[in-house]
Structures are given as structure tokens and as C-alpha cells.
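Report on the following structure.
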Amino acid sequence: MNQVRHVAFRRAPVFGNELRHVFDHFFAGEAAAPVAAGENAWAPRVDIREEAGRFLILADIPGVALDSIEIQMDKNVLSLKGERKAYASETEGKYARVERVAGAFKRSFTLPESADAEGITASGANGVLEISIPKKAESAPRRITVNAAG
């Protein structure tokens, strides 16, 4: 028997501009903080979705040339590598705020055994990289007949 449950959500308190300014000021340096050697300067945000016949990875890569992206699959680990170049105008002048990060990135994802590495395709448009990873066909149970010896 289905019962409808009513759930009430409380709205989070809205802070005044002064407190919001304090948080903005405190976190403002986060994007511009120096990156230690060997660390990625940035990493694209991704959505990973499982569909009936495939896995789909959508990666936000604005400002990255599609032909410069390297995608590899090794032992069920899919790796994305690329680089977003700094615009020439970003190296000149004085900035009041810099939030866009340039530099190399690398992301890796462990895929399930059902992923078919041979059928992976990738395409991109409007700053979004789409990687389609088909699933292997599931093997159906097979009945084996026992023959009498003799």
C-alpha cells in the first residue's frame, strides 16, 4: 500500500551583505593560490552517467582546443589530459580579480569491467567534451548438455 509522506524543508537563513562580503574576501584567494609543483592547476568538472547501453562522461572544458585533449584507456582506467592556454591579454596589465585558471589538467576514472574500451568515442561542442563508453554485451546463461559416454 502506497502512502504519501509529506516532508517539510526549512529554508536556510539568508545572510546580510556584510557577512557575504567576509566570505567572499576570505575565499577570494583560493583560485589564485599558488599550485605546488606536480599538482594540476585546475581540473574540469565532470558528470558521469550510466545509461542502458553505455556510460557517458561530460566534461566542462571551456577554452581548451579539442584536438589538444588526450584520452587514454588502460586497464579500465580512463584518463583525460589537456591544457588551457592563458590568453595573451592575461599576461599584460593589472587585474582586480583573476578567477580563470590556465594550465595543464589530468583526470582519471576507473570504469567497471562492463566497459568496452574498443568502442569509446569522444566529441565536443560549446566547451563540453562528451565521452561515450559502450557497455560490453552481457553473456546469457548457456545450458550445456551432458552426453552419455559409450
Side-chain angles (χ1 to χ4, degrees), residues 2-141:
N2 291 337
Q3 291 182 339
V4 178
R5 295 177 96 191
H6 294 283
V7 179
F9 292 95
R10 283 186 336 143
R11 185 174 217 165
V14 178
F15 297 108
N17 286 337
E18 185 178 333
L19 185 56
R20 208 170 277 189
H21 176 70
V22 170
F23 278 101
D24 287 347
H25 180 68
F26 180 76
F27 291 109
E30 180 180 355
V35 177
E39 261 186 64
N40 290 341
W42 72 286
R45 302 285 187 188
V46 299
D47 292 337
I48 301 175
R49 184 170 68 214
E50 182 175 1
E51 297 177 349
R54 70 179 182 166
F55 300 98
L56 186 65
I57 297 176
L58 301 168
D60 286 344
I61 53 160
V64 177
L66 292 174
D67 60 350
S68 71
I69 297 172
E70 185 180 321
I71 302 171
Q72 291 185 344
M73 178 79 155
D74 185 29
K75 297 177 185 165
N76 278 20
V77 176
L78 181 83
S79 298
L80 306 175
K81 286 199 304 190
E83 183 176 359
R84 181 165 50 202
K85 306 257 188 235
Y87 292 100
S89 64
E90 291 178 353
T91 59
E92 302 168 2
K94 185 176 178 181
Y95 283 85
R97 184 178 196 108
V98 176
E99 293 183 352
R100 298 182 303 158
V101 180
F105 68 85
K106 181 175 181 182
R107 296 285 313 258
S108 297
F109 307 96
T110 302
L111 299 175
E113 293 293 325
S114 60
D116 180 8
E118 300 302 317
I120 295 174
T121 59
S123 61
N126 300 322
V128 178
L129 175 66
E130 181 177 303
I131 303 170
S132 178
I133 306 144
K135 292 181 179 179
K136 293 177 184 173
E138 291 183 25
S139 58

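This chain uses plain numbering: 1 for the first residue, then up along the sequence. As the structure is a computational prediction, the values presented were derived from the model and not from experiment.
Looking at every heavy atom in both residues, Leu58 comes nearest to Glu130 through CD2-CG, 3.6 Å. For the residue pair Ser79 and Ser108, the shortest heavy atom distance occurs at OG-OG, 3.3 Å.
Considering CG of Leu111 and CD1 of Ile57, their distance stands at 5.5 Å, rounded to 0.5 Å. Atom-to-atom distance recorded for Ile133:CD1 and Leu56:CG is 8.0 Å, nearest 0.5 angstrom. Atom NZ of Lys81 and atom CD1 of Ile69 lie 13.0 Å apart (nearest 0.5 Å).
The side chain to side chain donor-acceptor pair (under 3.5 Å) pairs that include a residue from residues 52-69 are Glu51-Arg54, Arg54-Ser132, where partners are two or more places apart or lie in different chains.
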Problem - Trace of the side chain to side chain contact (heavy atoms under 4.5 Å, CB included) decision for Glu50 with Lys135 - result: CA-CA 10 Å; Glu50 182 175 1; Lys135 292 181 179 179; 2.6 Å; yes
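Judged by distance alone, with hydrogens and angles left aside, the side-chain atoms of Asn76 form no donor-acceptor pair with the main-chain N or O of Thr110 at under 3.5 Å. Between the side chain of Arg107 and the main chain of Ala43, no donor-acceptor pair closer than 3.5 Å is present. Between the side chain of Trp42 and the main chain of Phe105, no donor-acceptor pair closer than 3.5 Å is present. Using modelled atom types, one side-chain atom of Arg84 and one backbone atom of Val101 make a donor-acceptor pair closer than 3.5 Å.
For the side chain to side chain contact (heavy atoms under 4.5 Å, CB included) criterion with Ile61, the lone passing option out of Leu129, Leu80, Val46 is Leu129.
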